[in-house]
Amino acid sequence: MFLFNLLWNKGPLFYTQERVGKNGVNFQIVKLRTMIVDAEKEGAVFATTNDTRITTFGRFLRRIRLDEVPQFINVLKGEMAIIGPRPERPVFVAEIAKNIPLYQTRHVIKPGLTGWAQVNYPYGGNLEDSLMKLRYDLYYIKHRSLFLDINIVMKTLSTILFARGQ
């Protein structure tokens with residue numbers, strides 16, 4: 001993996017980024033870098049489909065969801081769960097919460113590596129997508145169960161096996 005990173009990513013393999021966790025407490029998420037170095041030197045923006053900042057190797061990592069694997073460190077540290085709403089960046093949380101009053105409700109449980117919104121809604125990069133994902137997150141929070149978690153794990157594995165990631 002390090003060799004592929006050297007050839008097609010040209011920069012550090014790992015990076016950390018601040019995210020909002022349970023009860024609104026911020027933490028540093030660990031990820032494999034999929035974008036060019038200094039991708040956000042102009043400021044934070046949502047990633048989009050076919051984002052030109054995503055490297056060739058990064059596109060591959062995202063497609064098979066391998067970029068999320070280092071987040072198991074966050075799970076082991078107790079900052080994340082396997083299943084729950086995906087953690088978002090503080091700058092986006094503040095922006096979205098101004099427009100969607102119930103958005104902060106998703107922080108009543110630990111964020112997850114995968115979640116109901118991720119397996120049922122495509123990648124989103126705007127306020128309308130955030131509202132749709134919030135609906136899925138609130139459904140998950142209200143209906144959490146072993147059956148629902150198994151369903152999410154099976155859909156996530158299907159996404160990984162058939163390379164249906166972004």
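These figures come from a predicted structure and were not determined experimentally.
With hydrogens and angles disregarded, no donor-acceptor distance shorter than 3.5 Å links the side chain of S158 to the backbone of M154.
Under the side-chain contact (heavy atoms from CB on, under 4.5 Å) criterion, Y139 pairs with W116, H143, L148, not counting sequence neighbours. Listed by chain and number, the residues in a side-chain contact (heavy atoms from CB on, under 4.5 Å) with V108 are I141 (sequence neighbours excluded). For N120, the side chain to side chain donor-acceptor pair (under 3.5 Å) partners are K155, not counting sequence neighbours. A search for side chain to side chain donor-acceptor pair (under 3.5 Å) contacts involving Y15 returns nothing, not counting sequence neighbours.
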Stepwise side chain to side chain contact (heavy atoms under 4.5 Å, CB included) test for T16 and K31: CA-CA 6 Å; T16 60; K31 294 189 80 166; over 6 Å; no
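Put simply, the side chain of M80 reaches to within 4.5 Å of the side chain of I29, judged on heavy atoms. In this structure the side chain of V93 reaches within 4.5 angstrom of the side chain of H107, judged on heavy atoms. Residues V20 and P87 form no side-chain contact, since every pair of their non-hydrogen atoms from C-beta on lies 4.5 Å or further apart. Taking 4.5 Å as the limit, some side-chain heavy atom of P90 sits within range of a side-chain heavy atom of E18. Taking the side chain as every heavy atom from C-beta outward, F27 and R19 approach each other to under 4.5 Å.
Considering every non-hydrogen atom in both A97 and Y103, the closest pair reads CA-CB, 4.1 Å. S130 and I100 get closest at one heavy-atom pair: C-CD1, 4.3 Å. The nearest pair of heavy atoms linking A117 to K133 is CB-O, 3.7 Å. P111 and K22 get closest at one heavy-atom pair: CD-N, 3.7 Å. Closest of all the heavy-atom pairs between P85 and K110 is CD-O, 3.9 Å.
Pairs engaging residues 66-76 under the side-chain hydrogen bond (donor to acceptor under 3.5 Å, both in side chains) rule: E68-Q71, E68-R86, Q71-R86, N74-E79 [sequence neighbours left out]. Applying the salt bridge (charged side-chain N to carboxylate O under 4.0 Å, His left out) test to every pair with at least one member in residues 135-152, sequence neighbours left out, gives these pairs: R106-D137.
Considering CG of L127 and NZ of K98, their distance stands at 10.5 Å, rounded to 0.5 Å. To the nearest 0.5 Å, atom CD1 of residue I82 and atom CG of residue L113 are 5.0 Å apart. Between the CD atom of Q104 and the CD1 atom of I96 there is a distance of 9.5 Å, given to the nearest 0.5 Å. Note that OG of S145 is 8.0 Å distant from OH of Y140, once rounded to the nearest 0.5 Å. Here the CE atom belonging to M132 is positioned 5.5 Å from the OH atom belonging to Y121, to the nearest 0.5 angstrom.
Following chains of ILVMFWY side-chain contacts shorter than 4.5 Å, one cannot reach I150 starting from V75, and the two form parts of different hydrophobic clusters.
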